[in-house]
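All ligand and atom numbering here is 1-based and tracks the order in the structure. Small disclaimer: the values here were computed from a predicted structure and weren't measured.
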Amino acid sequence: MPIDRKYPNTRLRRLRQNSSIIDLVSETKLTSSDLIQPIFIKENFDGEETIDSMPNILRFGITNALKEIEEIINAGINTIAVFPVIESSKKDSIGSEAVNKNNFISDSIKKIKEEFPEIILIADIALDPYTDHGHDGILKGDEVQNDETIKVLTDQSLLLADAGADILAPSDMMDGRIGVIRNALEEENFKNTILLSYAAKYNSKFYGPFRDAVKSSSNLGKSSKSSYQMNIGNKDEALHEVALDISEGADIVMVKPAMPYLDIIHLIKDSFKVPTFAYQVSGEFSMLKLAIKQEWLDEGVMLESLISIKRAGADAILSYAAKDISKEINN
Ligand code: PBG
């Protein structure tokens with residue numbers, strides 16, 4: 001029923017009189033449980049170091065990572081996503097180190113879950129930290145091989161599920177990998193391992209700082225991920241990707257990047273009504289953070305960006321600002 005709204009019967013400003021009333025009728029609220037903190041852990045490294053293109057974000061050796069995770073938990077965050085920074089001497093064309101038993105990330109996951117059993121740990125499934133060409137899969141000539149790559153991703157998934165990862169997040173965009181990984185998990189009795197599919201992952205320039213952070217940008221050079229990540233102009237295709245991943249056994253789907261793709265988040269949540277996450281990626285974070293540091297933008301833009309992502313339909317958000325924002329909203 002359309003309502004006939006007329007001034008002065010209707011004065012929308014009545015509900016904007018003060019912050020208590022504004023809060024009372026607020027439609028979108030961001031809480032700590034909506035936030036996931038990504039964290040970079042560096043192999044053969046003690047201490048912590050800055051990342052030039054990501055203000056305030058650090059690479060941690062495992063000992064410092066454990067301290068950082070304690071801080072993240074104390075800030076009210078329950079979920080982290082770990083990304084390894086691998087020795088360059090261990091990178092090769094097929095990403096062999098990704099599936100080595102007791103490799104750095106599998107050891108790190110064990111240590112983290114031993115010290116913080118209650119934390120929800122998301123492990124990235126992809127080969128780009130391990131390949132000397134920086135692609136997310138196995139390269140033959142200039143072509144990233146879909147089916148060969150899936151085999152390795154499946155082994156990587158079993159290794160990290162066994163190490164104790166609660167959630168596996170394939171971020172590679174190979175076709176069919178969710179189904180194959182799900183079957184392998186069922187067969188090996190990892191029935192409770194959650195699959196968070198990077199379902200609609202665009203071929204975005206906003207990933208640049210992340211590639212610096214995990215030191216894959218020089219490996220990738222001028223090569224592009226356009227043969228597997230989505231065309232930035234496509235929308236119907238995102239629905240197709242998500243439908244396939246749900247049917248193959250994804251528990252949660254993700255859209256990435258977030259702020260430039262709010263329409264996609266909205267469309268997917270509206271169409272499928274399944275748990276839908278969004279990744280506020282490195283470039284989104286860095287541009288806001290740098291402008292805040294320069295005092296060109298008020299620091300409130302970070303919270304505003306996250307609320308807009310939630311308002312679009314995201315159930316949870318990966319953000320490099322998660323810890324700080326969580327502190328801010330709990331104070
Ligand atoms: C690759 C991967 C990327 C990110 C997460 N996993 C980059 C890429 O696809 O090249 C980007 C995250 C970010 O920019 O913060 N498997």
Query raised in the report: For atom 8 (C) of ligand 1, what is the nearest protein heavy atom, given as residue, atom name and distance?
Result: Lys225 NZ, 3.3 Å
Requested in this report: Considering heavy atoms of the protein only, find what lies nearest to atom 15 (O) of ligand 1 and give residue, atom and distance to 0.1 Å.
Outcome: Tyr320 OH, 2.6 Å
Query raised in the report: For atom 2 (C) of ligand 1, which of Lys201, Met173, Arg211 has the closest heavy atom?
Result: Lys201
Query raised in the report: Once the angle between the rings of Phe210 and Phe83 is folded into 0 to 90°, is it parallel (under 30°), tilted (30 to 60°) or perpendicular (over 60°)?
Result: perpendicular
Report task. Kindly confirm or rule out a cation-pi arrangement of Lys289 over Phe285, judged by NZ or CZ under 6.0 Å from the six-membered ring centre and within 45° of its axis? Result -> no
Query raised in the report: How about Leu290: does its CG atom have over 12 heavy atoms from other parts shown lying under 6.0 Å from it?
Result: yes
Report summary line: Logged contact type for Ser282 with ligand 1, heavy-atom cut-off 4.0 Å, is both
Query - Mode of Asp136 contact toward ligand 1 - side chain, backbone, both, neither (heavy atoms, under 4.0 Å) - result: side chain
Query raised in the report: For ligand 1, which atoms sit closer than 4.0 Å to a heavy atom of Ala126?
Result: 16 (N)
Query raised in the report: Relative to each other, are the rings of His135 and Tyr228 parallel, tilted or perpendicular (30° and 60° limits)?
Result: perpendicular
Query - Identity and distance of the protein heavy atom lying nearest atom 1 (C) of ligand 1 - result: Asp128 OD2, 3.0 Å
Query raised in the report: Who's the nearest protein heavy-atom neighbour of atom 11 (C) of ligand 1, and how far?
Result: Lys256 NZ, 3.1 Å
**Report entry** ILVMFWY network linking Ile73 to Phe40, side-chain heavy atoms under 4.5 angstrom
**Finding:** yes
**Report entry** Proximal atoms of ligand 1 relative to Tyr279 (non-hydrogen, under 4.0 Å)
**Finding:** 12 (C), 15 (O)
Query - For atom 7 (C) of ligand 1, the protein heavy atom that lies nearest, with its residue and separation - result: Phe210 CD2, 3.6 Å
Query - Expected output: side-chain Gln145 to main-chain Leu139 donor-acceptor under 3.5 Å - result: no
**Report entry** Atom CZ of Arg14 with >12 non-hydrogen neighbours under 6.0 angstrom
**Finding:** yes
Query - side chain to side chain donor-acceptor pair (under 3.5 Å) partners for Ser33, two or more places apart - result: Thr31
Report task. Using heavy-atom distances, let me know which of Ser286, Ser171, Ala81 sits nearest atom 16 (N) of ligand 1. Result -> Ser171
